[in-house]
Novice: 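One structure coming up, written as structure tokens, with questions to follow.
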Amino acid sequence: MRKDKQKVLDEVWDDDRVKGFLTKSAPVQSGRPLPGDADFYVLRHAYQSMRPGDFERFLDFYTAQGRDVQARDGRGRTLADAIARHANATPFIELLNAH
């Protein structure tokens, strides 16, 4: 973290803020979306931004829209596959598997 950035603790994530992640789109490179399912990039962005409890609420909204928790990136990996080696990924993987 940069020295000029303050760490925010106990930040409030209301439903509108969590639902806002549903409108994210796949990143674009050279004018084209990166390979992989657009749903994968939405999931990954939510994972990178949220705490497990907020991510759980996000997954409820996400699956209610009929979106795919098994979406794959351009290398054929699900989000659970892609984050499996991350130190704090276990609760997120459990939530993905439960949905």
Novice: Salt bridge (Lys or Arg N to Asp or Glu O under 4.0 Å): which pairs involve residues 54-64, sequence neighbours left out?
Specialist: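 Qualifying pairs, neighbours excluded: Asp15-Arg57, Arg51-Asp54, Asp54-Arg57.
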Novice: Closest approach of Leu79 and Leu96, non-hydrogen atoms and distance?
Specialist: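 Smallest heavy-atom distance, with atoms named: CD2-CD1, 3.9 Å.
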Novice: Side chains of Tyr41 and Lys24, heavy atoms from C-beta outward: is any pair under 4.5 Å?
Specialist: no
Novice: Can you list everything that forms a ring pair (Phe, Tyr, Trp, His ring centres under 6.0 Å) with His45? Sequence neighbours excluded, please.
Specialist: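 Ring pair (Phe, Tyr, Trp, His ring centres under 6.0 Å) check on His45 returns Phe21.
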Novice: So, for Leu43 and Asp68, which heavy atoms are closest and what is the spacing to 0.1 Å?
Specialist: CD1-O, 3.8 Å
Novice: Gln65: what forms a side-chain hydrogen bond (donor to acceptor under 3.5 Å, both in side chains) with it, not counting sequence neighbours?
Specialist: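 Once residues adjacent in sequence are excluded, the partners of Gln65 under the side-chain hydrogen bond (donor to acceptor under 3.5 Å, both in side chains) criterion are Arg67.
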Novice: Can you name the nearest heavy-atom pair linking Leu22 to Val42, along with the distance?
Specialist: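 For Leu22 versus Val42, the nearest heavy atoms are CA-CG1, 4.4 Å.
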Novice: So which pairs with a foot in residues 79-93 pass side-chain hydrogen bond (donor to acceptor under 3.5 Å, both in side chains), sequence neighbours left out?
Specialist: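 Those involving residues 79-93 are Tyr47-His86, Thr78-Asp81.
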Novice: side-chain contact (heavy atoms from CB on, under 4.5 Å) with Pro52: which residues, sequence neighbours excluded?
Specialist: Pro91, Phe92, Leu95
Novice: Without swapping roles, check the side chain of Ser49 against the backbone of Ala46 for a donor-acceptor pair under 3.5 Å.
Specialist: no
Novice: Tyr62: which residues meet the ring pair (Phe, Tyr, Trp, His ring centres under 6.0 Å) condition with it, sequence neighbours left out?
Specialist: Phe58
Novice: Would a distance-only check, ignoring hydrogens and angles, find a side-chain to backbone donor-acceptor pair under 3.5 Å from Asp37 to Asp39?
Specialist: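 No, Asp37 side chain to Asp39 backbone: no donor-acceptor pair under 3.5 Å.
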